Each structure stands twice: as structure tokens, then as C-alpha cells.
Amino acid sequence: MTSDVERYDPTSFEPAHAQRWHDERTYSRSDLGGEGFYALTMFPYPSGDLHMGHAEIFSIHDAMVRHLRMTGRRVLNPIGWDAFGLPAENAARNRGADPKAWTYANIEEQRSTVVRLGYSFDWDRVLHTCDPEYYRWTQWLFVELFDAGLAYRREALVNWDPVDRTVLANEQVIDGRGERSGAVVQRIPRTQWFLRITDYADELLEGLDSIDWPDRVKNAQRNWIGRSEGAEVTFRVGDADGEEVLVYTTRPDTLHGATYFVFAPEHPIVADRMAADADYQAFVEEVASRSDVERVSGFGDDGDGRERGAGRAKRGLRLDFDVINPVTGASLPAYAADYVLMDYGTGAIMAVPAHDQRDLDFARQEGLPVRVVIQPSDGTELDETTMTEAYVGDGVTVNSGPYDGLDWRDTKERITADLQAKGVARATVNYRLRDWLVSRQRSWGPPIPVVHCPSCGEVPVPVEQLPVRLPDDLDFTVAGSPLDLHPTWKHDVACPSCDSEDAVRDVDTMDTFVDSSWYFLRFLDPTSVDEPWPVDVAGRWLPIDQYTGGVEHAVLHLLYSRFVVKAMRDRGRVDADEPFQALLNQGQVILGGAAMSKSKGNLVVPGEVYETYGADTLRGTMLFASAPEDDIDWADVSPAGMHKWLSRVWRLSVEHLARTDAGGLGDGDEGLAATLRRATAEAIVGASADYDGRKYNTAIAKMMTLTNAVLDATRDASRVPESAVHEALEALLPMLAPICPFITEELWGRFGYDTSIHLGGWPTADTSLLVDDEVEVVLQINGKVRGRITVAADADRDAMEAAAREALADQLTGEVRKVIVVPGKLVNLVVA
RNA sequence: GGCCCGGUGGCGGAGUAGGCAGACGCGAGGGCCUCAAAAGCCCUUGCCCUUCGGGGCGUGUGGGUUCGAAUCCCACCCGGGCUACCA
């Protein structure tokens with residue numbers, strides 16, 4: 001079919017609509033009527049322009065938001081920028097950029113792309129975490145936590161980069177080396193600020209049962225919190241001094257199987273006793289030269305080719321004393337070894353090689369004895385001299401004196417009770433979760449609002465003096481913390497408590513995850529100068545109805561935010577137990593099976609797509625490719641195909657308008673009209689259900705089917721049922737609007753409407769068109785399709801069976817033994 | 001090692017309170033239109049037979065339950081992700 005009508009040229013009208021939606025604040029009406037819905041998408045980090053991952057998350061989120069708005073919900077849909085962080089500082093160090101100017105330039109670039117792509121955010125609520133108006137309240141949050149006893153300072157072993165002279169986050173240590181300097185990161189003790197997230201360990205665990213999150217994220221948090229039940233048992237050093245040594249074990253039932261004893265290298269008892277021992281000092285130094293990340297998380301190998309994790313080589317040092325087993329009185333040789341960590345449990349373990357793989361590995365390596373105390377219930381005989389795999393399954397206690405013959409679970413219970421009675425053990429619950437280390441020796445972050453006074457100690461800065469501002473003249477060329485080395489900043493303060501001039505500011509800043517742990521609260525009133533957020537408004541909007549973002553934050557941002565909300569609830573600032581009621585983890589955009597990256601040269605950027613095909617095509621391609629949770633391989637998808645469909649929608653619309661301008665809304669062919677009206681009703685019912693289930697790919701498929709139906713109805717120019725075509729298009733356009741907002745807005749105007757399609761309603765189906773008098777029924781013999789017949793829709797079982805027997809009469813060879821009838825669907829004759 | 005996803009045409013994917021497998025699209029082949037092309041439109045497209053009526057086989061593999069299994073159960077294979085010396 002040829003036509004002289006105007007061609008689909010999205011770049012001719014998209015930018016104008018985008019700008020108008022932004023300038024007129026089309027979507028800043030969250031105070032309108034309707035049931036409230038807080039929709040949030042993880043705010044971007046401004047490291048450069050928007051990438052395809054951003055485009056995907058925003059396209060999914062925006063389709064959901066626009067659909068909710070059109071179906072009558074009052075949607076709160078804010079956006080901001082997570083604008084503090086290391087890349088700005090690195091740009092300053094490496095290229096001499098001003099971190100503030102660098103950050104705001106990137107924000108502006110991203111903002112204009114977000115506007116251009118038509119994402120319907122509320123532009124009256126924008127925030128940047130690096131604005132003093134924002135970090136003032138991040139500092140307030142810190143003071144609140146400090147007042148609640150949830151922020152404290154203590155010495156800890158941290159990742160120290162000796163070249164850049166700064167502490168690094170675990171994420172900034174790659175293969176044991178600083179990501180910037182390449183220097184081997186050391187473990188050094190340093191006094192740092194922590195937030196007491198462990199106070200909420202149990203509640204953070206239990207709360208997972210009440211929220212609608214993907215299982216993998218919940219499991220990641222469960223594993224991260226790492227609750228375990230066991231016992232703390234008191235051992236004693238086997239010499240005249242005889243200090244007590246606490247051991248945490250989840251298997252007190254294997255106490256009789258302990259054959260040696262291991263301390264973490266830095267354990268105080270060892271450090272104290274071995275202070276003068278040169279071998280020990282060398283050992284500790286060697287262990288410390290390997291980062292905690294390498295030791296605990298196992299990044300890289302040890303240079304000896306061993307795997308990460310449990311199979312790694314273990315380094316140990318025999319100490320010159322023994323430890324006494326409180327149950328047996330046996331003298332256990334003591335070791336310091338790197339496979340025991342100071343900050344889990346008590347930093348010391350009883351080693352039971354027969355029933356713990358790590359202990360067995362070390363025992364074999366050091367030639368230490370193995371003693372079996374649990375005999376496998378399946379009858380397998382364990383051989384102490386040759387076994388290389390520890391037995392950790394069910395079994396019966398052996399070699400354990402009075403406990404012999406008991407099931408291991410009973411032994412565990414009894415032995416714990418017996419030792420508790422003797423005062424040398426108590427049942428305990430242990431967590432893997434550690435307190436959150438939040439201080440950073442960085443300068444593009446919110447300064448920790450504390451003053452250190454020689455007489456008053458740690459004094460929080462009074463709220464009315466916040467924010468503690470970052471100086472504008474930081475020198476990023478210094479080796480070390482620019483804030484610490486600034487000539488005047490840290491001394492230009494008096495103690496808020498006693499006015500002492502000898503007080504100094506805390507020179508650390510907060511982790512960026514503190515900024516993002518509460519931003520969703522600030523969105524409730526981002527310009528307020530009186531309070532961080534209005535308590536009553538928070539009561540109405542929290543928890544957030546739908547949060548959308550990447551799974552990479554499973555145990556970081558998503559855990560920290562839960563902690564902050566619970567802490568603020570306990571301070572009376574929030575009336576909610578959880579921040580995010582529902583969570584959607586969108587898939588990633590990859591290319592040719594691999595993550596996109598500049599260095600790999602396989603980068604597709606949104607600009608290439610929307611400048612060629614328009615923003616609607618970019619958005620539609622992403623949503624049609626797969627379900628929101630699935631990854632999209634850009635090599636497999638077809639923007640050209642999406643563009644072709646949108647061109648067809650465009651052409652059918654403008655041709656229809658041209659015809660009706662000339663001849664009005666004639667009824668055309670009755671049969672064609674009826675077929676099209678039915679297709680319209682089917683599409684509305686189907687696509688609406690898909691939208692409700694956020695299955696945008698199948699919603700698009702149903703809209704394509706409707707488009708094909710319109711095409712069929714308009715093929716013969718002499719019989720076009722214009723009124724039915726009009727109804728079809730006036731249903732199609734609103735349904736397409738959440739996904740492709742531009743073409744639908746443009747055509748809506750051409751259909752004669754002077755209000756935005758996006759603020760209008762959702763189409764409703766005439767379901768009476770979907771009721772059939774007759775239905776097609778599948779006929780089966782022994783479960784195989786052997787024919788189909790048409791019967792009255794309300795035919796009963798007997799009628800269907802009779803019709804089936806008649807239709808299949810000449811195919812029936814044996815006796816019909818059984819008949820299965822599914823009304824309105826199927827008849828299955830079972831033949832002997 | 002632990003946890004979590006997946007495995008359906010050449011490709012992306014539809015379809016699971018068990019009931020017509022492959023919706024929709026991409027790609028491919030053929031045709032119309034055109035001087036030609038682009039665009040657009042029409043037809044075909046899981047595999048194998050076929051006398052063109054149709055028949056057989058098909059959802060990672062092997063079992064099982066059932067009148068009937070992509071869907072439920074058991075065992076296994078493969079791919080991906082997260083996590084890991086956590087005592």
C-alpha cells in the first residue's frame with residue numbers, strides 16, 4: 001500500500017514534548033487525588049552521561065509509573081543524584097578537575113538525557129547528595145545516631161594504601177592492591193567511626209519475611225547477617241598463668257574431637273605472650289601484608305595457584321604453649337593461623353579435624369592427629385589416619401565418654417547444658433554481620449559532624465550549626481586526605497561544649513552509602529530547611545510501594561537503608577518498619593554475551609539509538625526484548641523492528657485521520673467492524689492484565705496484534721469501518737502511552753484532544769464482545785488430538801461427549817473405557 | 001562448597017491452579033510494487049515423511065504420577081549469577 005501521508009519522524013516532535021513536560025512540570029502533581037503510590041528507582045551516580053543500564057531501569061520504571069497514573073493512582077515519582085563519591089575525587093587528582101564542577105556538569109548532562117528520553121519524574125523534587133542543603137541533614141542523621149548510641153568510634157584493622165596514604169573500602173581493593181595506586185594494601189589498626197547495625201541483626205533478619213523482594217536478595221541478606229546458634233566455651237592456657245580463652249563453636253558436640261587449638265594471628269593473648277618472639281612478629285607481618293579482603297573474601301590467589309575459599313593454603317605458626325580442653329582436660333597444641341579471623345566469633349577456635357574441613361586441611365598439612373567423635377549414620381567407617389574429607393553429616397556420638405551412643409543433636413544439647421552448669425560454657429547466638437564502618441579519609445563526602453575536644457572528648461556539632469561545610473579550596477594533589485591537610489579547616493572551630501580553642505574537627509567524611517541510606521525520606525520535602533523530612537508525610541508515604549534497581553546493592557544500600565529506617569522509627573521519626581515494601585531487580589543490558597564497557601570497546605550508548613530512531617523506539621525495544629528481570633543482549637534485539645511497528649501505528653493513525661477528515665466516521669463493512677471491535681476488546685483485556693503484572697513484553701505483543709487487526713480492517717479502501725478503526729486507535733494509543741509517551745502524545749493531539757494523553761484515563765473493554773455463542777472444542781483419543789468441533793458455549797458434558805463420539809466415530813477402533821470432558825474446551829475419549 | 005536463577009524453532013521470547021506447544025517480533029526464503037532501489041504490502045518459515053487428504057517426532061537427559069506433562073515429583077547433565085577459610 002502506498003501513501004502520501006506524513007512519515008513517522010520522531011526526532012521532529014520528541015524534543016519539543018520532552019521539554020514541555022519538563023518545563024510545565026506535567027508530572028509534578030503527586031498532591032492530586034487518588035490513592036497514593038510511592039514509586040522509586042535507584043538514583044544514578046553522575047560518573048558521565050546516562051548508559052544503557054540507566055535507560056533500561058528508567059524505561060521499566062516509567063512504564064509502571066505512567067500506567068499507575070493513568071489508572072487513577074497518585075504517584076510520587078522523584079529523582080535525584082547520588083553525587084558524592086570517589087570518582088569525583090579521582091578526577092580531581094588525575095586531571096586537576098574541581099570535583100564539584102565535575103559532578104554538577106555530569107549531573108546536568110544526565111538530567112538533560114533523562115528529560116530527552118521522556119521519563120516522567122517530578123522535577124520539583126530533585127536533590128543532589130552533595131548539596132549542602134542535603135548533606136546538612138546527612139550530618140543531622142549521624143548526630144541522631146550518635147545521640148542514640150548507634151554511632152561510635154573504635155580502633156579497627158582497616159585497608160591501608162601506603163602510597164595514597166588513605167584507608168580504602170573493600171570495593172576499592174582489587175587483588176589485594178589499591179585500585180588507584182596499585183600498591184599492596186596493608187592491614188593496619190586505625191580508629192574509625194562505626195554504626196551499630198548489629199543491634200538490629202535479629203530484626204533485619206525477621207523483617208525479610210514481611211517484604212515482597214526477590215528471594216535471591218533476601219537470601220543474600222540472610223547469608224550476610226549470618227545468624228548461627230552455638231556455644232561459647234571457656235578454654236584455659238595450659239601453664240602457670242592459665243588465662244581464659246573463649247571459643248565460639250556451633251558444634252559443642254564435637255568437643256571430644258578437638259586435637260589442637262588455633263588463635264587468630266592478632267589475638268590479644270597471642271600478641272601479649274609472643275611480643276618478644278621474632279618468628280611470631282614476622283608471621284604477623286606476613287599475614288598483615290595480605291589484605292583482609294584477600295584473606296576473608298579470597299580475592300585472587302596467594303601466588304601459589306590455590307583456589308580461593310576453603311581450599312586455600314593455610315599459614316600457621318606453632319606457639320610455645322598449649323591450651324586445655326575443659327571437657328577432657330587434654331592439652332591441645334596451640335597455633336596462630338590465618339584461617340581464623342579475629343573479628344568473627346571470639347577469634348579463637350578448638351580445632352576438630354575429623355568434622356571440619358578447614359581443620360582437617362590444616363591438620364594434614366601440619367601432621368596433627370585426627371579424632372572421630374561422630375560416626376556416620378549410614379554405616380560408613382571413617383578412617384582417622386587416611387580421611388581427607390571431614391564428616392559433617394548426621395551420626396552417633398563416639399569416643400566421647402558419657403555421651404557415647406547419643407545422636408549428635410542430643411550430645412550438643414546435653415554437653416552445652418553440662419558445661420553451662422559448671423560455668424564454662426553458655427549457649428549463644430552469633431552473627432556474621434559486623435558494624436558498618438562509615439568513616440572515610442576522603443574529601444568529597446559529608447564531613448563527620450564531630451569536634452574532638454581535649455577535655456570534653458567527642459562532641460557532636462549542634463544541629464543549628466549544621467552543615468559542617470566542605471571548604472572550596474581543597475588541594476587534591478597532596479598525598480593523603482585533602483581535608484586533613486587543609487591549612488585551616490580542622491582548627492577553625494571551638495568546642496561546642498566548653499568553647500576550648502584546642503578542639504579540632506573530625507577530618508573524615510562519611511561513606512557514600514550513608515547519603516543513599518535516607519534519600520527516599522528527603523524526597524518527601526527536599527527543600528525543607530526546618531527538618532530532614534516531615535514526620536506526618538513520612539507516615540503517609542512509607543514504606544515505598546515499589547523500588548526498582550540493580551541487584552548489586554543486595555547487601556549494601558538495601559541493608560543499610562533498612563537499618564536507618566528502623567533506627568529512625570525508634571527515634572520516632574518514621575512510622576514504618578521497612579523502607580521498601582516491594583523490590584524489582586531489573587536485568588542488565590549486555591552486548592554479545594558480555595557486560596558493556598568502554599575498555600572492551602563494546603559500548604552502545606543511548607544517544608546512538610534515540611538520535612537515529614527516537615526515544616520511543618529505545619524505550620519500546622528495551623521493554624519488548626524480555627521480562628524486566630531478565631538481561632537484554634543488545635546484539636539480539638532489534639530497534640529497527642520496534643521502529644517499524646511504531647511507523648505502522650503512525651501511518652495507520654494519520655491515514656485514518658486523513659480519510660475521516662474527507663469522509664467522516666463511516667461504518668464501513670459490518671463484518672470487518674465486528675472483527676476489529678472484538679480484537680480491540682481482546683487487546684484491552686489482555687494488555688491491561690499484562691500491565692498489572694508488569695509484563696510489558698507481552699503487553700506490547702497484544703498491542704501489535706491489535707495493530708495487525710487494524711491493518712486487516714483497512715486493507716480494502718472501499719470497506720474500511722472507520723468508526724471501529726477510530727475506537728481501536730483510541731484504545732491502542734493510551735495503552736501504548738506508558739511505553740512510548742511521545743508518539744502517543746503527538747497522535748493524541750492530532751486526534752483532536754487538547755489535554756495530554758498521559759493525564760487521561762485508561763481504556764475500558766466492552767467485554768460483551770468477548771462472549772461467544774459457540775466455542776471450538778478439541779477432541780482427543782487417548783490424549784492425542786484427533787479433531788475439533790464447534791459446540792454451543794453452554795453445552796453440558798453429556799452433549800459434548802455425544803458430539804465427540806459422533807465426530808470421531810470412524811476413528812474409534814476399540815471400546816471407550818473412559819471419557820474426560822473439560823467444559824468449553826476439550827473431550828478426551830480413552831480407548832482400551 | 002552454599003544459595004539463587006535458567007535450559008522451548010536459526011534468534012529474542014510466549015504458553016505453568018496439568019488440557020490445541022511455539023503468541024508477538026527478529027532473521028531467512030519467495031512474491032507484488034518500482035526503470036532500479038529504499039520504504040511499504042502479501043505468502044512461507046520447529047524437524048522428518050506425504051499420494052498434499054494428512055501422518056510421525058518434538059520443550060536439556062533418564063525415570064515417575066496422570067486419560068493427558070513444557071507445566072507436578074525423583075535423579076542427573078549443562079549454562080549463568082551471587083557468595084564463601086564464618087568455626
Side-chain angles (χ1 to χ4, degrees), chain A residues 1-3 7 214-220 222-224 226-228 230 247-251 254 262 264 295-298 307-314 337-341 343-352 355-359 361-362 392 430-434 551-552 554-555 585 587-588 593 621 624-627 629-642 644-645 647-648 651 686 690 695 697-705 707-708 711 715 776-785 787-788 816-822 825-831:
Chain A
M1 187 184 294
T2 57
S3 169
R7 304 232 343 217
D215 283 341
R216 60 175 169 161
V217 178
K218 288 193 191 184
N219 280 328
R222 285 193 187 105
N223 293 337
W224 191 262
R227 185 181 196 273
S228 69
V247 158
Y248 173 73
T249 178
T250 55
R251 295 297 301 273
T254 61
V262 189
R295 281 174 65 202
V296 178
S297 304
E307 296 285 310
R308 56 191 287 189
R312 287 155 53 90
K314 293 169 175 46
D338 62 351
Y339 80 95
V340 172
L341 309 174
D343 48 4
Y344 183 78
T346 59
I349 64 156
M350 62 167 191
V352 186
H355 305 293
D356 182 286
Q357 190 61 45
R358 295 152 298 166
D359 293 343
D361 291 343
F362 191 74
V392 295
N430 199 46
Y431 298 92
R432 230 186 64 128
L433 184 69
R434 320 285 162 76
V551 71
E552 66 272 17
V555 290
N585 289 131
Q588 297 197 307
T621 302
F624 186 52
S626 62
E629 297 82 359
D630 296 338
D631 286 352
I632 296 173
D633 193 330
W634 201 252
D636 292 334
V637 300
S638 173
M642 177 55 52
K644 183 172 155 187
W645 174 54
S647 300
R648 195 177 276 187
R651 200 189 71 238
D690 288 342
K695 302 178 73 172
N697 52 339
T698 52
I700 291 170
K702 277 151 195 161
M703 289 187 263
M704 286 175 166
T705 302
T707 309
N708 292 339
L711 202 57
R715 190 157 289 132
E776 191 178 58
V777 168
V778 173
L779 305 181
Q780 297 180 339
I781 296 174
N782 289 344
K784 288 192 181 293
V785 179
R788 46 200 70 188
V816 175
R817 287 189 358 202
K818 190 171 177 182
V819 179
I820 312 288
V821 178
V822 182
K825 269 190 165 174
L826 166 149
V827 180
N828 183 19
L829 303 180
V830 184
V831 179

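Letters go in sequence order (proteins before strands), and every chain restarts at 1. This one's a predicted model, so the numbers in the text were calculated from it and none came from an experiment.
- Here the separation of U45(B) from G9(B), taken at their C1' atoms, is 10 Å to the nearest Å.
- Base pairing of C82(B): its partner is G2(B), meeting the Watson-Crick or G-U wobble criterion (both donor-acceptor distances under 3.5 Å).
- Rounded to an integer number of Å, the gap from Asp361(A) CG to C86(B) C1' is 16 Å.
- Across A87(B), C20(B), C26(B), the shortest atom-to-atom separation from the side chain of Ser638(A) is found for C26(B).
- For Arg651(A), a side-chain nitrogen or oxygen approaches OP1 or OP2 of C41(B) to under 4.0 Å.
- Considering all non-hydrogen atoms of both residues, Phe624(A) and Ala701(A) come closest at CE1-N, 4.2 Å.
- As a whole-Å value, the separation of Gln588(A) CD from G80(B) C1' is 11 Å.
- In this structure, Arg216(A) does not reach the U83(B) phosphate: none of its side-chain N or O atoms is under 4.0 Å from OP1 or OP2.
- Note on Arg222(A): nothing from the nucleic acid sits closer than 4.0 angstrom, heavy atoms only.
- The partner of A17(B) cannot be assigned: no Watson-Crick or G-U wobble pair with both contacts below 3.5 Å exists in any strand.
- Residues Val785(A) and Gly226(A) both approach RNA chain B. Their nearest nucleotides, taken by heavy-atom distance, put Val785(A) toward the 5′ side.
- Regarding Lys218(A), its NZ atom lies at a distance of 18 Å from the P atom of C3(B), rounded to whole Å.
- In this entry the base of G53(B) is syn relative to its sugar, with a glycosidic angle within 90° of 0.
- Between the Asp690(A) side chain and the Asn697(A) main chain, no donor and acceptor come within less than 3.5 Å of each other.
- Smallest separation of non-hydrogen atoms from Tyr248(A) and Gly345(A): CB-CA, 4.1 Å.
- Backbone-only contact: Asn708(A) has heavy atoms under 4.0 Å from sugar-phosphate atoms and none from a base.
- Atom CH2 in Trp224(A) sits about 15 Å away from atom C1' in C3(B), given to the nearest Å.
- In this structure, Asp633(A) atom CG and G79(B) atom P are separated by 18 Å, rounded to whole Å.
- Pairing for C33(B) is absent, with no Watson-Crick or G-U wobble pair whose two atom distances lie under 3.5 Å.
- The side chain of Tyr344(A) lies closest to C86(B) when the candidates are A23(B), G19(B), C86(B).
- Distances shorter than 4.0 Å separate some side-chain N or O of Lys644(A) from OP1 or OP2 on C26(B).
- Pairing for G62(B) goes to C74(B), judged as Watson-Crick or G-U wobble with the two contacts each under 3.5 Å.
- In this entry the base of G80(B) is anti relative to its sugar, with a glycosidic angle more than 90° from 0.
- Nucleotides A70(B) and G22(B) have their C1' atoms positioned 11 Å apart, rounded to a whole Å.
- Not one side-chain nitrogen or oxygen of Lys825(A) sits closer than 4.0 Å to the OP1 or OP2 atom of G19(B).
- Checking G25(B), C86(B), G19(B) against the side-chain heavy atoms of Ile820(A) singles out G19(B) as nearest.
- Arg251(A) has its side chain out of reach of Asp356(A): every pair of non-hydrogen atoms, C-beta onward, lies at least 4.5 Å apart.
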Side chain to side chain donor-acceptor pair (under 3.5 Å) evaluation trace for Arg432(A) with Asn223(A) = CA-CA 8 Å; Arg432(A) 230 186 64 128; Asn223(A) 293 337; over 6 Å; no

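- You won't find any donor-acceptor pair under 3.5 Å spanning the side chain of Gln357(A) and the base of G1(B), going by distance alone.
- Note on Asn828(A): a base of the nucleic acid sits closer than 4.0 angstrom, heavy atoms only.
- Val352(A) is not listed as a side-chain neighbour of Thr249(A), based on a closest heavy-atom distance of 4.5 Å or more.
- The base of C86(B) is paired with the side chain of Arg434(A) by a donor and an acceptor separated by under 3.5 Å.
- In this structure the side chain of Arg358(A) never reaches within 4.5 angstrom of the side chain of Val340(A), judged on heavy atoms.
- For Met703(A) and G25(B), the CE to C1' distance is 13 Å, given to the nearest whole Å.
- Proximity note for Val830(A) (side chain, C-beta onward) versus C67(B), G19(B), A84(B): the nearest is C67(B).
- Straight-line distance between the P atoms of U59(B) and G64(B): roughly 16 Å, to the nearest whole Å.
- Between the side chains of Arg222(A) and Asn219(A), at least one donor-acceptor pair of N or O atoms lies under 3.5 Å.
- Taking 4.0 angstrom as the limit, Tyr248(A) places none of its side-chain polar atoms (N or O) nearer than this to OP1 or OP2 of A87(B).
- By the 6.0 Å and 45° rule, Lys314(A) stacks over the aromatic ring of Tyr339(A).
- Residue Thr249(A) has its side chain nearest to A87(B) when only A39(B), C41(B), A87(B) are considered.
- One finds the CZ atom of Arg651(A) at 11.0 Å from the OG1 atom of Thr707(A) (value rounded to the nearest 0.5 Å).
- Residues Ile820(A) and Gln780(A) have side chains not in contact (no heavy-atom distance under 4.5 Å, counting atoms from C-beta outward).
- Position along RNA chain B of the nearest nucleotide to Thr346(A) versus Ser647(A) favours Ser647(A) as the more 5'-ward residue.
- In this structure, CZ of Arg715(A) is placed 18 Å from P of C32(B), rounded to the nearest angstrom.
- If you take atom C1' in A23(B) and the same atom in G46(B), they sit 15 Å apart, rounded to whole Å.
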Using a 4.0 Å heavy-atom cut-off, write out nucleotides 11-17 of chain B from 5' to 3' as B (base contacted by protein), S (sugar-phosphate only) or - (no contact).
-> SBSSS--

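- Dashed line: the shortest gap from a side-chain N or O of Arg358(A) to OP1 or OP2 of A84(B) is not under 4.0 Å.
- Between Lys702(A) atom NZ and A23(B) atom C1' the separation is 8 Å, expressed in whole Å.
- A28(B) and A84(B): their C1' atoms are spaced 47 Å apart (whole Å).
- Among the atoms of the strands shown, none is found under 4.0 Å from any heavy atom of Glu629(A).
- Pair check for G27(B) finds U45(B); Watson-Crick or G-U wobble, both atom distances under 3.5 Å.
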